[in-house]
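In what follows, a structure is listed as structure tokens, so that the remarks can point back to it.
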Amino acid sequence: MSEEKKINIEDGNLEEENKSENTQAEETVNNKQQTDDAQTEETPAEEEKDPLDAALAEIENLKSQMLYKQAEFENYRKRTIKEKAELILNGGEKTITAILPVLDDFERALADKTDDPKAIKEGMELIFHKFVKTLEGLGVKKIETADKDFDVDYHEAIAMVPGMGDDKKGKVIDCVQTGYTLNDKVIRHAKVAVGQ
């Protein structure tokens, strides 16, 4: 019996050894699963970092583009302000250049020592017609008032003339000061007397 006990004892030791080996194997499997789980958890974290890095790079790219556009717009704004200032300062250059020949004619007329009133009048009329043509070339036109209906868009009434009859009611009777348009925009209203 002692041999059977020994065998049983030995079998028991073997069972205990098998149990401890099984436990160790289970622990190893569990550890391996935990390690795999940890690696699987780390993998999405790494994948999250990549889109985050991409988003940050995109943000930096958009920031730099915005700064370039902002600088470009600022340069455009400064350039247009400068051009506008130059237009204000030199905008009348075309007009002045067109009027200078008329000024030359006035200087020649004043330098002339003629005492003939008829020649002086003819010279002044020539200069006047040249000046009117120059203004028309620049887009300035006289507002016609003779026998026209009173129109507040073009006329300014400075007097009402009573007793002119029904046919003259609301019509321009007399023009005290001529009005002008520049490219169809009124720059000075004609001052007129209107029939009542």
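The first residue in the sequence is number 1, and the count goes up from there.
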Under 4.5 Å between side-chain heavy atoms, counting indirect links through other Ile/Leu/Val/Met/Phe/Trp/Tyr residues: same cluster for [X] and [Y] or not?
X	Y	result
Val186	Val176	no
Val102	Met124	yes
Leu135	Ile187	yes
Leu182	Phe131	yes

Checklist entry - Quick one: hydrophobic cluster around Phe73, which other residues, with the 4.5 Å side-chain cut-off, linked directly or via members? => result Tyr76

Checklist outcome for this item: Grouping ILVMFWY residues whenever side-chain heavy atoms fall under 4.5 Å, the cluster of Val172 otherwise contains Phe150, Val152, Met160, Val192, Val194

Separation between [atom1] of [X] and [atom2] of [Y], rounded to the nearest 0.5 Å:
X	Y	atom1	atom2	result
Thr80	Leu87	OG1	CG	11.0 Å
Gln196	Ile173	CD	CD1	10.5 Å
Ile158	Gln177	CD1	CD	8.5 Å
Thr95	Leu100	OG1	CG	10.5 Å
Thr145	Lys191	OG1	NZ	14.0 Å
Leu62	Lys69	CG	NZ	12.0 Å

Checklist outcome for this item: What one should report as the nearest heavy-atom pair of Ala190 and Cys175 is CB-SG, 4.5 Å

Item to check | Minimum heavy-atom distance Ala98-Thr134, with the two atoms named | outcome: O-CG2, 3.2 Å

Checklist entry - Around Asp153, counting heavy atoms of other residues, nucleotides and ligands shown, do more than 12 lie under 6.0 Å from its CG? => result yes

Next on the checklist: Assess whether a salt bridge exists between Glu74 and Arg77, defined as any Lys/Arg side-chain N lying under 4.0 Å from an Asp/Glu carboxylate O.
Outcome noted: yes

Item to check | Derivation of the side-chain contact (heavy atoms from CB on, under 4.5 Å) call for Asn75 and Gln70 | outcome: CA-CA 9 Å; Asn75 290 339; Gln70 212 170 13; over 6 Å; no

Item to check | For Glu83, side chain to side chain contact (heavy atoms under 4.5 Å, CB included) partners two or more places apart | outcome: Arg79

Next on the checklist: My understanding is that only one of Lys84, Lys78, Glu86 makes a side-chain contact (heavy atoms from CB on, under 4.5 Å) with Lys82; could you say which?
Outcome noted: Glu86

Item to check | Test salt bridge (Lys or Arg N to Asp or Glu O under 4.0 Å) applied to Arg188 - qualifying residues, sequence neighbours left out | outcome: none

Next on the checklist: Holding to salt bridge (Lys or Arg N to Asp or Glu O under 4.0 Å), I want the full list of residues that pass it with Asp149, two or more places apart in sequence or in another chain.
Outcome noted: Lys171

Item to check | Selection residues 98-126 - residue pairs positive for side chain to side chain donor-acceptor pair (under 3.5 Å), sequence neighbours left out | outcome: Asp105-Arg108, Asp105-Lys130, Asp112-Thr114

Checklist entry - Can you check whether Thr181 reaches His189 side chain to side chain, under 4.5 Å on heavy atoms? => result no

Checklist entry - So, do Lys142 and Tyr180 sit near enough that their side-chain heavy atoms are less than 4.5 Å apart? => result yes

